[in-house]
> 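Here it is: the structure, laid out below.
Keep in mind that what you see is a predicted model, and the values were worked out from it rather than measured.
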Amino acid sequence: MICRFRVRLAALFLMASPVMAIEVPRGLDDCPSLEGCLQLIDQVVPAHDSGEGSNAIVLANKLRRFGDSAKHELLKRATGDNPGWRNVAGAILSEWHSWTPSDVPELSEALRKDPGGWVARLLGEIATPEAIRALVEDLPKGSENQTDFALSKLGAKAVPYLFPVLESDKNASSAPQIIRNMNTLAVPFVSQWATQAADPQQPVQARLGALRGIAAVGDKARPSCEVLHNLLHDSDPRIRKQVDLTLRAVRDPVVVEEVVRTCHPSAAPFDPLAPEALRCLGEVASYGDRGRDVGGILLPCLEWENGAERSYAVTALGQIGFEPAIPQIEDAMNSADWRVVYAAIRSLGWLGDTSAVPAMDRIASDYWLPEVRAKAKQIAGALSSEGRVSHPSRFSRPSENGDNPFVIDREVLDGVPDCPTKQWQWGDTSFGLPVRSNERDTELQVNDGKFVGTNHGEWGGELMWRPTRGDPDSIQKDNVVGIEPDTDGPVALFGLAHMGLAYGYALQVRSNGERWKPVEIARPPGGGSCTSHHRSRPICRVE
């Protein structure tokens with residue numbers, strides 16, 4: 001069986017240790033006085049502010065029998081000098097739900113002591129102008145927190161108070177996130193903001209604030225944005241810069257050509273990740289059919305050398321519905337990189353290319369990767385019966401909502417069963433790989449020298465040619481998993497599995513008479529070898 005790792009791009013960072021819930025001490029049901037109950041809680045309150053709020057409702061219910069006395073004692077602790085108690089008291093009070101405008105001064109003080117803390121929710125419940133102002137004043141002190149949550153839940157009621165923050169160059173990033181979280185609740189302000197932004201008599205900061213607000217609303221603001229088009233040529237460079245960002249945020253087609261012209265290949269030929277191309281082509285694709293007019297500018301992207309970047313280009317052309325690309329995308333089904341083949345099949349389905357069905361049937365019959373066979377069978381069936389495969393009119397931007405269609409590895413490789421063997425097949429040759437793929441070197445002797453592959457895990461590796469006579473030559477800088485002989489030149493497998501990043505690819509090293517040149521022959525899903533906890537496939541032909 002051919003072995004692989006499950007790819008988890010999101011796991012490229014170390015996970016933090018889980019935060020412990022607020023402990024509920026024994027004896028709270030029987031303590032005769034408020035003072036006694038608080039002394040019990042004293043024993044479990046941490047010295048630091050963990051931000052944790054679990055069990056707050058349990059503690060609130062146990063203290064509620066003491067009425068307003070408990071509420072006021074908790075408020076004292078919420079404004080005290082102990083950061084652990086400030087957090088715990090705020091969490092308990094967030095479950096109290098008996099607040100009046102007269103409580104705003106104390107709650108505002110508690111929020112000043114614990115920016116972004118739980119008492120923000122209480123000010124959101126009160127929702128008087130004074131309470132909303134206290135929340136807005138807290139914004140520059142934190143990022144995603146309870147203050148953001150409270151203001152987003154207030155919706156349109158909070159928007160006028162957020163506008164001064166939108167105007168501020170220093171703190172402008174706080175308010176847009178809240179407006180985005182409001183979903184449609186801020187849409188009624190868009191028309192007013194567009195008029196304000198387009199008025200040269202308005203102060204520049206007010207115009208910038210209006211443009212930032214529109215950008216935060218996103219796609220739903222687009223119908224009101226035609227009046228902004230002329231601002232792309234405004235005399236003030238700050239307005240020009242912000243209106244460009246705003247029109248991109250609302251996916252206005254007037255700027256899509258500028259967006260696509262910023263897309264360039266940036267990854268080395270065999271790199272498994274190409275984040276710059278992913279970001280740029282993902283943005284183009286998010287215009288959907290409104291980006292169709294720039295499809296011709298995207299066509300050269302199909303010739304990019306890196307396979308990941310080619311798969312992004314194929315996906316983008318399918319998402320914007322650019323039918324003239326069909327012949328080139330049909331040709332992409334012959335790629336040695338399974339990601340490009342998968343992307344081509346899927347895009348041809350979106351484009352309604354029924355002429356591709358015979359080629360898809362062949363892939364469904366004998367392609368080496370089962371998931372690609374399954375996708376070809378699915379798309380060919382849909383094209384034969386319905387003539388087209390439907391897709392959403394707007395796709396998520398990278399990492400948004402976890403459903404980015406560009407990250408083919410994640411979509412395809414989830415749920416793959418384990419396998420015990422480690423076998424590859426290239427042409428008529430079958431060979432196994434070592435159980436351990438990291439931290440090892442390997443060599444292959446030939447007539448006039450030898451190939452030496454090094455593997456240092458996260459620190460990298462390299463495939464070198466060391467001739468019997470002459471200077472050594474570096475062929476490819478990456479971890480070498482194995483080298484096997486072949487009549488047309490050795491086949492070298494490269495890969496890495498580290499902290500959730502897993503990739504593998506096969507290069508054939510061919511001679512041009514003067515030096516060795518690597519040519520990609522396969523992009524197997526995974527790191528090229530497996531252990532008991534890695535993922536794998538049945539034995540496959542990879543040519």
Side-chain angles (χ1 to χ4, degrees), residues 22 48-53 56-57 59-60 63 68-183 185-186 188-189 193 205-206 209-210 212-213 216:
I22 301 173
H48 63 282
D49 178 358
S50 66
E52 178 60 31
I57 191 169
L59 293 168
L63 295 176
D68 285 347
S69 296
K71 183 176 87 169
H72 291 302
E73 285 299 321
L74 289 168
L75 274 172
K76 288 181 182 178
R77 285 161 172 77
T79 56
D81 296 326
N82 184 316
W85 247 122
R86 285 201 297 262
N87 176 68
V88 170
I92 297 171
L93 290 171
S94 71
E95 302 292 345
W96 212 264
H97 308 303
S98 60
W99 303 95
T100 67
S102 63
D103 295 312
V104 169
E106 281 186 281
L107 294 174
S108 299
E109 176 62 20
L111 191 59
R112 281 191 287 271
K113 287 289 190 70
D114 186 22
W118 293 98
V119 295
R121 294 195 177 208
L122 316 180
L123 290 164
E125 288 181 22
I126 297 170
T128 60
E130 291 76 16
I132 299 173
R133 289 191 190 98
L135 290 169
V136 171
E137 287 174 6
D138 188 55
L139 282 180
K141 301 175 184 176
S143 53
E144 294 184 10
N145 48 55
Q146 299 303 324
T147 300
D148 290 357
F149 175 83
L151 285 167
S152 65
K153 289 301 180 183
L154 285 168
K157 193 171 186 177
V159 170
Y161 298 90
L162 290 170
F163 194 80
V165 185
L166 290 170
E167 292 181 298
S168 166
D169 290 333
K170 181 179 179 181
N171 301 318
S173 61
S174 303
Q177 179 64 43
I178 296 164
I179 291 172
R180 277 190 289 272
N181 291 339
M182 290 180 183
N183 295 318
L185 297 177
F189 294 88
W193 285 340
Q205 290 305 128
R212 289 165 182 153

> Locate the shortest heavy-atom distance separating Ala60 from Glu95; write the atom from each residue and the value.
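Ala60 and Glu95 have their closest heavy atoms at CB-CB, 3.9 Å.
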> If you define the side chain from C-beta out and look only at heavy atoms, does anything of Glu73 sit under 4.5 Å from Leu63?
no
> Kindly indicate whether the side chain of Thr147, heavy atoms from C-beta on, has any atom under 4.5 Å from the side chain of Pro115.
no
> Could you tell me if the side chain of Ile126 sits less than 4.5 Å from the side chain of Leu107, heavy atoms only?
yes
> Could you pull out the closest heavy-atom pair between Asp138 and Gly116, with the gap in Å?
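Shortest heavy-atom separation between Asp138 and Gly116 comes out as OD2-N, 2.8 Å.
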> Examine distances only and state if a side-chain atom of Gln205 and a backbone atom of Glu167 form a donor-acceptor pair shorter than 3.5 Å.
yes
> In Å, rounded to the nearest 0.5 Å, how long is the span from OG of Ser168 to CZ of Arg212?
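It is 7.5 Å, given to the nearest 0.5 Å.
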> The criterion is salt bridge (charged side-chain N to carboxylate O under 4.0 Å, His left out); which residues satisfy it with Glu130, sequence neighbours excluded?
none
> Find the distance between CG (Leu122) and CG (Leu111) and round it off to the nearest 0.5 Å.
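Between Leu122 CG and Leu111 CG, I get 9.5 Å after rounding to 0.5 Å.
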> Quick one, Leu162 and Leu139 - any side-chain contact, counting heavy atoms below 4.5 Å?
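The answer is yes, as the side chains (C-beta and beyond) meet within the 4.5 Å cut-off.
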> Taking atom CD1 of Ile178 and atom CG of Leu185, what is their separation to the nearest 0.5 Å?
13.0 Å
> For the pair Asn87 (side chain) and Glu52 (backbone), establish whether a donor and an acceptor sit closer than 3.5 Å, ignoring hydrogens and angles.
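Yes, the answer is positive, given that a donor and an acceptor are paired below the 3.5 Å cut-off.
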> Say you draw a straight line from CH2 of Trp99 to CD of Glu106; how long is it, rounded to the nearest 0.5 Å?
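Separation between the atoms: 8.0 Å.
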> Would you call Leu135 and Tyr161 a side-chain contact if the rule is heavy atoms closer than 4.5 Å?
no
> Under 3.5 Å, is there a donor-acceptor pair between the side chain of Arg77 and the main chain of Trp85?
no
> Quick one, Val136 and Arg133 - any side-chain contact, counting heavy atoms below 4.5 Å?
no
> Kindly write out the residues that satisfy side-chain contact (heavy atoms from CB on, under 4.5 Å) with Ala186, not counting sequence neighbours, or none if the list is empty.
Val159, Ile179, Met182, Val217
> Closest heavy-atom contact between Ala91 and Gly53?
CB-CA, 4.0 Å
> Show me the donor-acceptor pairs within less than 3.5 Å that the side chains of residues 149-158 make with the rest of the protein, sequence neighbours left out.
unit_1	atom_1	unit_2	atom_2	d
Ser152	OG	Asp148	O	3.2
Ser152	OG	Phe149	O	2.8
Lys157	NZ	Ala127	O	3.2

> I'd like to check the ring-ring contact (aromatic ring centres under 6.0 Å, His included) partners of Phe189; sequence neighbours left out, ordered by chain and number.
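By the ring-ring contact (aromatic ring centres under 6.0 Å, His included) rule, Phe189 matches Trp193.
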> Among all residues two or more places apart in sequence or in another chain, which pass the side-chain hydrogen bond (donor to acceptor under 3.5 Å, both in side chains) test with His72?
none
> According to side-chain contact (heavy atoms from CB on, under 4.5 Å), who are the partners of Thr79, at least two apart in sequence or on a separate chain?
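Residues passing side-chain contact (heavy atoms from CB on, under 4.5 Å) with Thr79: Glu109, Ala110.
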> If I take atom CD1 from residue Ile132 and atom CG from residue Leu123, how far apart are they, to the nearest 0.5 angstrom?
10.0 Å
